[in-house]
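Working notes for the structure below.
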Amino acid sequence: MPELIEVEVYRELADRVVGASVEEVVAPDAWFVKGGARPADVVAAVEGRTVVGTRRHGKRLLVDLAGEGPVLGMRFGMTGRLVLDDEAPIGRLEYSSGRDLPAWDRFELRFAGGSILRVSDPRRLGGVELDPDLSVLGPDAWSITLGELVEALRNSRAPLKARLLDQHHVAGLGNLLVDETLWRASLDPARPAADLDRDECRRLARRIRSTITTLYRRGGSHTGDLQVERHRDGRCPSDGAPLERRTIGGRTTYSCPVHQR
DNA sequence: ATTGTGGCCTGCCCGC
DNA sequence: TGCGGGCAGGCCACAA
(Lines give C-alpha, C1' and ligand atoms only; values in the text may rest on other atoms or scores of the structure.)
Protein backbone atom coordinates (compact mmCIF):
# COMPACT_ATOMS: atom_id res chain seq x y z
CA MET A 1 0.00 0.00 0.00
CA PRO A 2 0.43 3.17 0.23
CA GLU A 3 2.08 3.52 3.58
CA LEU A 4 1.12 6.07 6.19
CA ILE A 5 2.48 8.98 4.13
CA GLU A 6 0.33 8.19 1.12
CA VAL A 7 -2.72 7.65 3.29
CA GLU A 8 -2.15 11.07 4.83
CA VAL A 9 -2.15 12.57 1.33
CA TYR A 10 -5.36 10.68 0.61
CA ARG A 11 -6.83 12.06 3.82
CA GLU A 12 -6.04 15.59 2.71
CA LEU A 13 -7.81 14.85 -0.55
CA ALA A 14 -10.84 13.39 1.20
CA ASP A 15 -10.90 16.44 3.45
CA ARG A 16 -12.01 18.44 0.44
CA VAL A 17 -15.42 16.80 0.50
CA VAL A 18 -16.10 17.82 4.09
CA GLY A 19 -19.47 19.52 4.08
CA ALA A 20 -20.73 17.55 1.09
CA SER A 21 -23.64 15.15 1.32
CA VAL A 22 -23.35 11.60 0.01
CA GLU A 23 -26.01 11.19 -2.63
CA GLU A 24 -25.04 7.73 -3.76
CA VAL A 25 -22.70 4.96 -2.71
CA VAL A 26 -21.42 2.68 -5.46
CA ALA A 27 -20.03 -0.59 -4.12
CA PRO A 28 -19.86 -2.99 -7.06
CA ASP A 29 -17.38 -5.39 -5.50
CA ALA A 30 -18.61 -7.36 -2.48
CA TRP A 31 -15.09 -8.62 -1.87
CA PHE A 32 -14.00 -5.05 -1.26
CA VAL A 33 -16.44 -4.58 1.61
CA LYS A 34 -14.83 -5.91 4.79
CA GLY A 35 -15.78 -6.58 8.36
CA GLY A 36 -18.74 -8.86 7.65
CA ALA A 37 -20.78 -6.13 5.98
CA ARG A 38 -22.35 -6.42 2.54
CA PRO A 39 -22.34 -3.67 -0.06
CA ALA A 40 -26.00 -2.97 0.71
CA ASP A 41 -25.12 -2.38 4.34
CA VAL A 42 -22.61 0.28 3.40
CA VAL A 43 -25.05 1.89 1.03
CA ALA A 44 -27.71 1.99 3.72
CA ALA A 45 -25.33 3.31 6.36
CA VAL A 46 -23.69 6.06 4.33
CA GLU A 47 -26.15 7.39 1.77
CA GLY A 48 -27.73 10.68 2.72
CA ARG A 49 -25.15 11.58 5.33
CA THR A 50 -22.80 14.55 5.19
CA VAL A 51 -19.05 14.26 5.56
CA VAL A 52 -18.02 16.18 8.66
CA GLY A 53 -14.35 15.27 8.92
CA THR A 54 -11.54 12.88 8.11
CA ARG A 55 -8.99 11.14 10.26
CA ARG A 56 -6.05 8.84 9.79
CA HIS A 57 -4.55 6.25 12.08
CA GLY A 58 -1.62 4.36 10.64
CA LYS A 59 -2.64 3.30 7.17
CA ARG A 60 -6.34 3.56 7.96
CA LEU A 61 -8.43 6.45 6.63
CA LEU A 62 -11.61 7.34 8.45
CA VAL A 63 -14.47 9.38 7.08
CA ASP A 64 -16.72 10.85 9.76
CA LEU A 65 -20.32 11.38 8.78
CA ALA A 66 -23.02 13.54 10.31
CA GLY A 67 -25.79 12.12 12.43
CA GLU A 68 -26.31 8.66 13.78
CA GLY A 69 -24.45 5.80 12.18
CA PRO A 70 -21.08 4.25 11.67
CA VAL A 71 -17.78 5.77 10.62
CA LEU A 72 -16.60 4.80 7.15
CA GLY A 73 -13.13 3.26 7.09
CA MET A 74 -10.87 2.78 4.09
CA ARG A 75 -7.67 0.85 3.56
CA PHE A 76 -5.67 0.75 0.40
CA GLY A 77 -3.72 -2.48 0.32
CA MET A 78 -0.64 -2.22 -1.84
CA THR A 79 -2.18 -0.73 -4.95
CA GLY A 80 -5.19 1.24 -3.83
CA ARG A 81 -5.50 4.89 -4.80
CA LEU A 82 -7.97 7.56 -3.82
CA VAL A 83 -9.23 9.78 -6.62
CA LEU A 84 -11.45 12.86 -6.41
CA ASP A 85 -13.15 13.94 -9.62
CA ASP A 86 -10.54 12.15 -11.71
CA GLU A 87 -7.77 13.98 -9.92
CA ALA A 88 -5.36 11.62 -8.16
CA PRO A 89 -2.97 13.22 -5.68
CA ILE A 90 -0.62 10.32 -6.25
CA GLY A 91 -0.57 9.53 -9.93
CA ARG A 92 1.60 6.53 -9.75
CA LEU A 93 2.48 4.16 -6.94
CA GLU A 94 5.73 2.29 -6.85
CA TYR A 95 5.37 -1.00 -8.73
CA SER A 96 2.19 0.07 -10.44
CA SER A 97 1.47 1.83 -13.66
CA GLY A 98 -0.14 5.21 -13.96
CA ARG A 99 -3.17 3.66 -15.61
CA ASP A 100 -6.62 4.14 -14.17
CA LEU A 101 -9.10 1.68 -15.61
CA PRO A 102 -12.81 1.86 -14.76
CA ALA A 103 -12.68 -1.86 -13.97
CA TRP A 104 -10.40 -1.08 -11.04
CA ASP A 105 -12.96 1.16 -9.34
CA ARG A 106 -13.96 -0.76 -6.22
CA PHE A 107 -15.88 1.88 -4.29
CA GLU A 108 -17.35 5.31 -4.97
CA LEU A 109 -18.97 8.10 -3.03
CA ARG A 110 -21.04 10.38 -5.27
CA PHE A 111 -21.89 13.70 -3.71
CA ALA A 112 -24.68 16.17 -4.19
CA GLY A 113 -23.15 18.71 -6.51
CA GLY A 114 -21.47 16.10 -8.66
CA SER A 115 -18.14 15.35 -7.01
CA ILE A 116 -17.04 11.74 -6.94
CA LEU A 117 -14.55 10.25 -4.51
CA ARG A 118 -13.45 6.76 -5.47
CA VAL A 119 -11.03 4.01 -4.57
CA SER A 120 -9.22 2.48 -7.52
CA ASP A 121 -7.43 -0.75 -6.64
CA PRO A 122 -6.24 -3.18 -9.32
CA ARG A 123 -5.25 -5.91 -6.90
CA ARG A 124 -8.27 -5.61 -4.62
CA LEU A 125 -6.12 -5.87 -1.52
CA GLY A 126 -7.68 -2.78 0.03
CA GLY A 127 -11.22 -2.43 1.28
CA VAL A 128 -13.87 -0.38 3.00
CA GLU A 129 -15.38 -1.09 6.38
CA LEU A 130 -17.98 0.28 8.75
CA ASP A 131 -16.77 1.28 12.22
CA PRO A 132 -13.29 -0.21 11.86
CA ASP A 133 -11.81 -1.40 15.12
CA LEU A 134 -8.86 0.88 15.78
CA SER A 135 -8.15 -0.65 19.17
CA VAL A 136 -6.17 -3.43 17.51
CA LEU A 137 -3.69 -0.94 16.08
CA GLY A 138 -0.58 0.32 17.82
CA PRO A 139 0.25 4.01 18.21
CA ASP A 140 0.54 6.03 15.01
CA ALA A 141 4.14 5.98 13.82
CA TRP A 142 4.30 9.66 12.86
CA SER A 143 3.82 10.79 16.46
CA ILE A 144 5.22 7.79 18.31
CA THR A 145 6.84 8.61 21.66
CA LEU A 146 9.85 6.96 23.19
CA GLY A 147 7.62 5.33 25.78
CA GLU A 148 5.32 3.93 23.12
CA LEU A 149 8.21 2.53 21.13
CA VAL A 150 9.78 0.91 24.17
CA GLU A 151 6.43 -0.69 24.91
CA ALA A 152 6.07 -1.86 21.31
CA LEU A 153 9.46 -3.58 21.31
CA ARG A 154 9.36 -4.98 24.83
CA ASN A 155 9.71 -8.72 25.27
CA SER A 156 9.80 -9.37 21.54
CA ARG A 157 12.31 -11.77 20.06
CA ALA A 158 11.06 -11.04 16.54
CA PRO A 159 13.41 -9.19 14.19
CA LEU A 160 13.21 -5.46 14.78
CA LYS A 161 11.87 -4.88 11.29
CA ALA A 162 9.13 -7.49 11.66
CA ARG A 163 7.98 -5.85 14.88
CA LEU A 164 7.89 -2.40 13.31
CA LEU A 165 5.84 -3.74 10.41
CA ASP A 166 3.32 -5.32 12.76
CA GLN A 167 0.39 -2.91 12.79
CA HIS A 168 -0.75 -4.22 16.16
CA HIS A 169 2.34 -2.70 17.75
CA VAL A 170 3.19 0.29 15.56
CA ALA A 171 0.67 1.57 13.02
CA GLY A 172 1.61 3.04 9.67
CA LEU A 173 5.01 1.73 8.71
CA GLY A 174 5.39 -0.35 5.56
CA ASN A 175 8.29 -2.05 3.92
CA LEU A 176 9.97 0.93 2.29
CA LEU A 177 9.53 3.23 5.25
CA VAL A 178 10.96 0.71 7.68
CA ASP A 179 14.03 0.03 5.56
CA GLU A 180 14.69 3.75 5.13
CA THR A 181 14.16 4.45 8.83
CA LEU A 182 16.44 1.66 10.02
CA TRP A 183 19.07 2.69 7.52
CA ARG A 184 18.93 6.25 8.85
CA ALA A 185 18.95 5.01 12.44
CA SER A 186 21.96 2.75 11.72
CA LEU A 187 20.14 -0.27 13.13
CA ASP A 188 20.23 -3.82 11.77
CA PRO A 189 16.68 -4.89 10.83
CA ALA A 190 17.44 -8.46 11.95
CA ARG A 191 18.27 -7.54 15.55
CA PRO A 192 15.82 -9.01 18.07
CA ALA A 193 13.44 -6.16 18.85
CA ALA A 194 13.84 -6.29 22.61
CA ASP A 195 17.63 -6.14 22.41
CA LEU A 196 17.72 -2.41 21.73
CA ASP A 197 18.98 -0.38 24.65
CA ARG A 198 17.46 2.89 25.81
CA ASP A 199 19.66 5.09 23.63
CA GLU A 200 18.93 3.01 20.55
CA CYS A 201 15.20 3.20 21.25
CA ARG A 202 15.46 6.96 21.59
CA ARG A 203 17.38 7.18 18.34
CA LEU A 204 14.87 4.97 16.59
CA ALA A 205 11.80 6.84 17.86
CA ARG A 206 13.25 10.11 16.61
CA ARG A 207 14.22 8.56 13.30
CA ILE A 208 10.78 7.11 12.72
CA ARG A 209 9.21 10.55 13.15
CA SER A 210 11.84 12.49 11.22
CA THR A 211 11.97 10.02 8.33
CA ILE A 212 8.22 10.21 7.87
CA THR A 213 8.30 14.01 7.98
CA THR A 214 11.18 14.21 5.50
CA LEU A 215 9.68 11.77 3.04
CA TYR A 216 6.25 13.38 3.36
CA ARG A 217 7.79 16.71 2.35
CA ARG A 218 9.61 15.05 -0.52
CA GLY A 219 6.41 13.48 -1.75
CA GLY A 220 6.12 9.88 -0.66
CA SER A 221 7.42 6.69 0.92
CA HIS A 222 9.42 5.96 -2.21
CA THR A 223 11.52 9.16 -1.96
CA GLY A 224 13.98 7.82 0.58
CA ASP A 225 17.72 7.93 0.00
CA LEU A 226 17.83 4.14 0.01
CA GLN A 227 15.17 3.80 -2.66
CA VAL A 228 17.38 4.14 -5.73
CA GLU A 229 19.66 1.42 -4.37
CA ARG A 230 16.88 -1.08 -3.68
CA HIS A 231 18.05 -3.61 -6.23
CA ARG A 232 20.63 -6.36 -6.42
CA ASP A 233 24.04 -4.73 -6.70
CA GLY A 234 22.73 -1.68 -4.82
CA ARG A 235 25.23 0.21 -2.66
CA CYS A 236 24.83 2.11 0.58
CA PRO A 237 24.34 5.80 -0.28
CA SER A 238 26.20 6.72 2.89
CA ASP A 239 29.33 4.57 2.80
CA GLY A 240 29.28 2.83 -0.56
CA ALA A 241 29.23 -0.70 0.83
CA PRO A 242 27.25 -3.31 -1.14
CA LEU A 243 23.79 -3.53 0.37
CA GLU A 244 22.57 -6.75 1.90
CA ARG A 245 19.35 -8.18 0.50
CA ARG A 246 17.40 -10.48 2.78
CA THR A 247 13.89 -11.57 3.60
CA ILE A 248 12.93 -10.34 7.05
CA GLY A 249 9.43 -10.37 8.41
CA GLY A 250 8.42 -11.96 5.12
CA ARG A 251 9.45 -8.86 3.18
CA THR A 252 12.34 -8.08 0.89
CA THR A 253 14.81 -6.12 2.99
CA TYR A 254 17.76 -3.97 2.01
CA SER A 255 20.27 -2.86 4.61
CA CYS A 256 23.88 -1.81 4.95
CA PRO A 257 26.02 -4.47 6.64
CA VAL A 258 28.65 -1.87 7.50
CA HIS A 259 26.85 0.87 9.38
CA GLN A 260 23.59 -0.80 10.42
CA ARG A 261 24.42 -2.75 13.56
C1' DA B 1 0.19 -14.35 23.03
C1' DT B 2 4.08 -14.61 19.71
C1' DT B 3 6.17 -15.76 15.51
C1' DG B 4 6.57 -17.64 10.93
C1' DT B 5 4.37 -19.28 6.67
C1' DG B 6 1.33 -19.41 3.01
C1' DG B 7 -2.13 -17.42 0.50
C1' DC B 8 -5.11 -13.89 -1.23
C1' DC B 9 -5.64 -10.94 -5.81
C1' DT B 10 -3.95 -8.88 -10.04
C1' DG B 11 -0.65 -6.31 -12.84
C1' DC B 12 3.95 -5.31 -14.51
C1' DC B 13 8.48 -6.25 -16.08
C1' DC B 14 12.19 -8.99 -17.55
C1' DG B 15 14.26 -12.57 -20.15
C1' DC B 16 13.71 -16.00 -23.46
C1' DT C 1 5.12 -10.61 -30.36
C1' DG C 2 4.01 -14.03 -26.81
C1' DC C 3 4.78 -16.45 -22.66
C1' DG C 4 6.42 -17.85 -18.19
C1' DG C 5 8.41 -16.61 -13.96
C1' DG C 6 9.32 -13.53 -10.43
C1' DC C 7 8.23 -9.58 -8.27
C1' DA C 8 5.18 -6.31 -5.63
C1' DG C 9 4.77 0.05 -0.52
C1' DG C 10 -0.46 -5.17 2.72
C1' DC C 11 -2.85 -8.12 5.46
C1' DC C 12 -5.24 -12.29 7.23
C1' DA C 13 -6.00 -17.08 8.48
C1' DC C 14 -3.54 -20.62 10.17
C1' DA C 15 -0.09 -23.64 12.76
C1' DA C 16 3.45 -24.60 16.18
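Per chain, numbering begins at 1; letters A, B, ... match sequence-line order. Atom set for the values below is all heavy atoms of this structure, side chains included, hydrogens, waters and symmetry mates excluded.
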Completion exercise
Note: for A/H169 and A/G249 on DNA chain B, the residue whose nearest nucleotide lies more 5' is A/H169
Practice task
List in chain and number order the residues that pass salt bridge (charged side-chain N to carboxylate O under 4.0 Å, His left out) with A/D86, two or more places apart in sequence or in another chain; answer none if no residue qualifies.
Solution key: A/R118
Handout entry: Nearest listed nucleotide, side chain of A/L125, among C/dC11, C/dG9, B/dC8
Key = B/dC8
Between [X] and [N], does any side-chain N or O lie under 4.0 Å from OP1 or OP2?
X      : N      : answer
A/S156 : B/dT3  : yes
A/W31  : B/dC8  : no
A/T252 : C/dC7  : no
A/K59  : C/dC11 : yes
A/R157 : B/dG4  : no

Exercise for the section: Determine which bases of DNA chain C form Watson-Crick or G-U wobble pairs with both distances under 3.5 Å, and write the result as a 5' to 3' dot-bracket string with | for other-strand partners. Expected result: .|||||||.|||||||
Exercise for the section: Over 60° means perpendicular and under 30° means parallel, so classify the ring planes of A/F76 and A/Y10, tilted if in between. Expected result: tilted
Name the nucleic acid region contacted by [X], choosing base, sugar-phosphate or nothing; use a 4.0 angstrom heavy-atom cut-off, strictly under.
X      : value
A/R251 : base
A/P159 : sugar-phosphate
A/R163 : sugar-phosphate

Handout entry: No-H, no-angle donor-acceptor pair, A/R124 side chain to B/dC9 base, under 3.5 Å
Key = no
Completion exercise
Under a 4.0 Å heavy-atom cutoff, the residues of residues 209-219 of chain A touching DNA chain C are none
Exercise for the section: Determine, for A/R251 against A/D179, whether the closest basic-nitrogen to carboxylate-oxygen distance falls under 4.0 angstrom. Expected result: no
